[in-house]
Amino acid sequence: QVQLVESGGGLVQAGGSLRLSCVASGRTFSTYTMAWFRQAPGKEREFVAVMSRLGVTIDYADSVKGRFTISRDNAKNTVYLQMNSLKPEDTAVYYCAASRVGGTTTLMYAYWGQGTQVTVSS
């Protein structure tokens, strides 16, 4: 079992930056692949970024490549999402998720945070 708590969302103008954090409970954080997903109003939850247990494997959605950076600190049980050059279409609730398996689909993730709202104004 792992519990996830996101923070760092907010309102930002287009072109701005935000850094999301997700803190996990428990002693097994380093055994999970961690990912970020997002869900905009009226849309399905979509993959944003993923990082493997030791950070060797990283992947991003095409829509955020070159603008977002995922990182993790296993000593702090925390995964981050640095978001730069934000666009209005990045507006969504952002969720972190943990998986023993990994991947880019929601079905592969058993543990989810409550989400943090990111709003980008034009």
Side-chain angles (χ1 to χ4, degrees):
Q1 279 281 38
V2 61
Q3 293 182 326
L4 305 172
V5 179
E6 303 98 334
S7 62
L11 173 64
V12 64
Q13 289 187 334
S17 298
L18 282 175
R19 188 195 196 202
L20 306 183
S21 300
C22 172
V23 179
S25 64
R27 302 178 181 179
T28 60
F29 177 75
S30 62
T31 67
Y32 289 91
T33 289
M34 299 300 297
W36 289 93
F37 290 79
R38 66 186 182 186
Q39 188 166 19
K43 295 187 177 181
E44 293 187 353
R45 194 168 298 188
E46 65 175 7
F47 165 74
V48 174
V50 61
M51 176 174 274
S52 59
R53 294 177 297 128
L54 300 180
V56 174
T57 302
I58 298 173
D59 196 13
Y60 297 95
D62 288 343
S63 59
V64 307
K65 281 181 180 176
R67 301 187 298 122
F68 290 12
T69 302
I70 187 172
S71 61
R72 65 189 294 165
D73 185 338
N74 287 343
K76 295 183 178 180
N77 281 15
T78 302
V79 61
Y80 305 96
L81 185 68
Q82 177 67 43
M83 305 186 295
N84 298 329
S85 302
L86 283 161
K87 304 175 181 180
E89 51 263 45
D90 294 318
T91 295
V93 177
Y94 284 71
Y95 299 89
C96 70
S99 172
R100 295 283 193 184
V101 178
T104 61
T105 61
T106 57
L107 291 175
M108 305 307 292
Y109 290 81
Y111 304 104
W112 294 84
Q114 82 289 350
T116 185
Q117 176 70 46
V118 171
T119 303
V120 184
S121 63
S122 57

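Computation of the quantities below employed the complete heavy-atom set of this structure, encompassing side-chain atoms and omitting hydrogens, waters and symmetry-equivalent molecules. The shown structure was predicted, so the numbers you read here are calculated from the model rather than taken from an experiment.
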task: Rounded to the nearest 0.5 Å, what's the gap from CD on Glu44 to OG1 on Thr106? Could you check?
output: 8.0 Å

- prompt: So if you build clusters from Ile, Leu, Val, Met, Phe, Trp, Tyr with side-chain heavy-atom gaps below 4.5 Å, do Val12 and Trp36 land together?
  reply: yes

query: How long is the gap from CE on Met51 to CG on Leu81, to the nearest 0.5 Å?
result: 10.5 Å

field: Taking every non-hydrogen atom, the tightest pair across Leu20 and Thr116
entry: CD2-CG2, 4.0 Å

- request: Show the numbers, then the answer: is there a side-chain hydrogen bond (donor to acceptor under 3.5 Å, both in side chains) between Arg100 and Tyr32?
  value: CA-CA 5 Å; Arg100 295 283 193 184; Tyr32 289 91; 3.3 Å; yes

task: Would you check if the side chain of Gln3 reaches a backbone N or O of Ser25 as a donor-acceptor pair within less than 3.5 Å?
output: no

message: If you define the side chain from C-beta out and look only at heavy atoms, does anything of Val2 sit under 4.5 Å from Phe29?
response: no

message: Measuring only between side-chain heavy atoms, which start at C-beta, is Ser121 closer than 4.5 Å to Gln13?
response: yes

field: Any side-chain heavy-atom pair of Arg45 and Trp112 under 4.5 Å
entry: yes

field: Distance-minimising heavy-atom pair for Leu4 and Cys22
entry: CB-SG, 3.8 Å

task: Heavy atoms only: give me the nearest Gly103-Tyr109 pair and the separation to one decimal.
output: O-OH, 2.6 Å

message: For residues Met83 and Met34: do they belong to one hydrophobic cluster (side chain heavy atoms under 4.5 Å, members Ile, Leu, Val, Met, Phe, Trp, Tyr)?
response: yes

statement: What one should report as the nearest heavy-atom pair of Met108 and Ser99 is O-OG, 2.7 Å

field: Min side-chain heavy-atom separation Ile58-Thr69 under 4.5 Å
entry: no

task: Decide if atom CZ of Arg53 counts as having more than 12 heavy atoms of other residues, nucleotides or ligands within a radius under 6.0 Å.
output: no

message: Side chains of Val48 and Tyr95, heavy atoms from C-beta outward: is any pair under 4.5 Å?
response: no

statement: Smallest heavy-atom separation, Ser21 atom then Thr78 atom, equals CB-CG2, 4.4 Å

task: Under the salt bridge (Lys or Arg N to Asp or Glu O under 4.0 Å) rule, collect the residues that match up with Arg72, sequence neighbours excluded.
output: none

message: Same cluster or not: Tyr80 versus Val93, using hydrophobic residues (I, L, V, M, F, W, Y) connected whenever any side-chain heavy atoms lie under 4.5 Å apart?
response: no

message: Can you classify the ring geometry of Phe37 versus Phe47 as parallel (below 30°), tilted (30 to 60°) or perpendicular (above 60°)?
response: perpendicular

query: Do Ser63 and Arg38 come close enough that some side-chain heavy atom pair is under 4.5 Å?
result: yes

field: Within one Ile-Leu-Val-Met-Phe-Trp-Tyr cluster: Leu18 and Val64, side-chain cutoff 4.5 Å
entry: yes

From CD (Gln39) to CD (Glu46), nearest 0.5 Å: 9.5 Å

- request: Taking the side chain as every heavy atom from C-beta outward, state whether Thr119 and Gln117 have any pair of such atoms under 4.5 Å apart.
  value: yes

message: Test salt bridge (charged side-chain N to carboxylate O under 4.0 Å, His left out) on Asp62 and Lys65; report intermediate values, then the result.
response: CA-CA 5 Å; Asp62 288 343; Lys65 281 181 180 176; 3.2 Å; yes

query: Do the side chains of Asp90 and Arg67 get nearer than 4.5 Å, heavy atoms only?
result: yes

field: Candidate pair Tyr94 and Glu6, rule side-chain contact (heavy atoms from CB on, under 4.5 Å), full reasoning
entry: CA-CA 8 Å; Tyr94 284 71; Glu6 303 98 334; over 6 Å; no

task: Any chance you could lay out the side-chain contact (heavy atoms from CB on, under 4.5 Å) test for Leu86 and Phe68, step after step, and finish with the verdict?
output: CA-CA 9 Å; Leu86 283 161; Phe68 290 12; 3.8 Å; yes

field: For Asn84 against Ser17, the heavy-atom pair lying closest together
entry: OD1-OG, 2.9 Å

